[in-house]
Amino acid sequence: MFRLATIDGRSAFQFDDGFVDVARVAGDESLGSPMNAIARFTELHALAEKAAAQPRIQGTPGICVPKPSKVFGIGLNYKSHAAESNMELPPAPLTFTKFPSCLAGPTADIELSGDTVDWEVEIVVVIGKGGRHIAEADAWSHIAGLTLGQDISDRKVQTTGKPPQFSLGKSFDGYGPIGPAVVSVDSFPNPDDIGLWCDVSGERMQESRTTNLIFSIPYLVHYLSGICTLESGDLIFTGTPDGVGMARGQLLKAGDVIDSGADIIGTLRNVCVAGK
Ligand code: ZN
């Protein structure tokens, strides 16, 4: 088991009482790069065990997967969210891109692009071993771990035009906070059943479990790898449950605090600030 975070841009194992530099414990400077560490995720289990006995460093975790080649977003992947959006259930995963420049750390501020910005808590898959045409039965062995994310969305930009194109409305700088760490698949008693929730300024807005996904995590890996070669570090935002602001008629404003959480993975805290 491991929890892979970044401290000052370097790979670091996360423990309850601090962090341990991965390259130092490995005696291998190339593992200081988080993207290299993710590509070598099978080595991290033994290293994390060794790191548990090492002195801790302290710091604020940054972006745990800083430079993925691709970031997929999946729309309407919980029946409850499709229903609140008055949309039909999709026949195949409804896929858009979040450009990697939107990624942010687990405690980064979110600079609002306007008054139609919304929250979407999601479990995020981190590909460890890439490939093409990955069978559903093999999918978990290609996954380095899971993390938590917010698919922050400017609804006005997302829904402008016919047909609407989601990608830019979900790709403003800072609209993809993730973290706090990449948590290895074997850390979860059942990786297909993870609870997740989102509070905005203290009010519980979203709460569900990944057992309610329409397209499961293994199916998403299978489906996407049938089209694109998946590469180590690629991210899949797996979709959000019901309770988004758009359906409530309540969107984000400066000063709002978004507290997101998931079983085992941990929490994100992002404060909304006025945009320029
Ligand atoms: Zn989403």
Asks: Could you tell me whether the side chain of L103 reaches within less than 4.5 Å of the side chain of L235, counting heavy atoms only?
Replies: yes
Asks: Does this structure show an ion pair linking D154 with K170, if we count only N-O contacts that are shorter than 4.0 Å?
Replies: no
Asks: Any donor and acceptor pair, going by atom type alone, linking the side chain of S260 with main-chain N or O of C198 inside 3.5 Å?
Replies: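 Looks like no, no N/O pair under 3.5 Å.
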Asks: Would you check if the side chain of S153 reaches a backbone N or O of D151 as a donor-acceptor pair within less than 3.5 Å?
Replies: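 It does hold such a pair.
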Asks: Is there a donor-acceptor contact under 3.5 Å from the side chain of D263 to the main chain of I194?
Replies: no
Asks: Please report, to 0.1 Å, the donor-acceptor pairs under 3.5 Å made by any side chain of residues 128-140, with sequence neighbours excluded.
Replies:
residue, atom, partner, partner atom, Å
R132, NE, S225, O, 3.4
R132, NH2, G226, O, 3.1
R132, NH2, I227, O, 3.4

Asks: With a 4.5 Å limit on heavy-atom distance, are the side chains of Y219 and L224 in contact?
Replies: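 The answer is no, as the side chains (C-beta and beyond) never meet within the 4.5 Å cut-off.
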Asks: Would a distance-only check, ignoring hydrogens and angles, find a side-chain to backbone donor-acceptor pair under 3.5 Å from S33 to N36?
Replies: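 Here the side-chain-to-backbone pair exists.
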Asks: Between T267 and D259, is there a donor-acceptor pair closer than 3.5 Å when you use the side chain of the first and the backbone of the second?
Replies: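 Not at all, since once roles are kept as given, no pair shorter than 3.5 Å links the two residues.
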Asks: What I'd like to find out is whether the side chain of I178 reaches to under 4.5 Å of the side chain of L148, using heavy atoms alone.
Replies: no
Asks: Between R56 and F15, is NZ or CZ placed under 6.0 angstrom from the six-membered ring centre and within 45° of the ring axis?
Replies: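 Satisfied, under 6.0 Å and within 45°.
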Asks: Taking the side chain as C-beta and beyond, is there a heavy-atom pair between T147 and V183 under 4.5 Å?
Replies: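 A side-chain contact under 4.5 Å is absent here.
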Asks: Do any N or O atoms from the side chain of T238 and from the backbone of I123 form a donor-acceptor pair under 3.5 angstrom?
Replies: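 A pair under 3.5 Å: yes.
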Asks: Is there a donor-acceptor pair closer than 3.5 Å between any side-chain N or O of D118 and the backbone N or O of M246?
Replies: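 Pair found, side chain donor or acceptor close to backbone of M246.
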Asks: Any salt bridge between R10 and D21, counting N to O under 4.0 Å?
Replies: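 Salt bridge present between R10 and D21.
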Asks: Could you give the distance from CZ (R269) to CG (D199), rounded to the nearest 0.5 Å?
Replies: 9.5 Å
Asks: According to salt bridge (charged side-chain N to carboxylate O under 4.0 Å, His left out), who are the partners of R24, at least two apart in sequence or on a separate chain?
Replies: none
Asks: Can any side-chain N or O of R3 pair as donor or acceptor with the backbone N or O of I265 at less than 3.5 Å?
Replies: yes
Asks: Hey, mind stepping through I258 and Q150 against side-chain contact (heavy atoms from CB on, under 4.5 Å) and telling me if it holds?
Replies: CA-CA 9 Å; I258 308 172; Q150 270 286 346; 3.5 Å; yes
Asks: Using only atom types and a distance under 3.5 Å, with no angle test, would you say the side chain of D256 pairs donor to acceptor with the backbone of K253?
Replies: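 Looks like yes, one N/O pair under 3.5 Å.
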Asks: Could you measure the distance from the CD1 atom of I217 to the OG1 atom of T210? Nearest 0.5 Å is fine.
Replies: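 Here the rounded value is 5.5 Å.
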Asks: So, applying side chain to side chain contact (heavy atoms under 4.5 Å, CB included) with S11, which one of L4, V25, L31 is it?
Replies: L4
Asks: With distance as the sole test, does S184 use its side chain to make a donor-acceptor pair with the main-chain N or O of F2 at under 3.5 Å?
Replies: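 It does hold such a pair.
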Asks: Dump the intermediate steps for side-chain contact (heavy atoms from CB on, under 4.5 Å) on I143 and V125, then the final yes or no.
Replies: CA-CA 7 Å; I143 295 173; V125 172; 3.9 Å; yes
Asks: Of E120, Q206, H81, which meets side-chain hydrogen bond (donor to acceptor under 3.5 Å, both in side chains) against T240?
Replies: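 Single side-chain hydrogen bond (donor to acceptor under 3.5 Å, both in side chains) partner of T240 among E120, Q206, H81: Q206.
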Asks: How far apart are the C-alpha atoms of E203 and M205, what are their side-chain angles, what is the distance that settles it, and do they pass the side-chain contact (heavy atoms from CB on, under 4.5 Å) test?
Replies: CA-CA 6 Å; E203 187 184 346; M205 298 296 190; 3.5 Å; yes
Asks: Mind checking the OG-CD1 spacing from S232 to I38? Nearest 0.5 Å is all I need.
Replies: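 Reported to 0.5 Å precision, the distance equals 6.5 Å.
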Asks: Is the NZ or CZ atom of K98 positioned over Y175's six-membered ring, under 6.0 angstrom from the centre and within 45° of the axis?
Replies: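 No cation-pi geometry.
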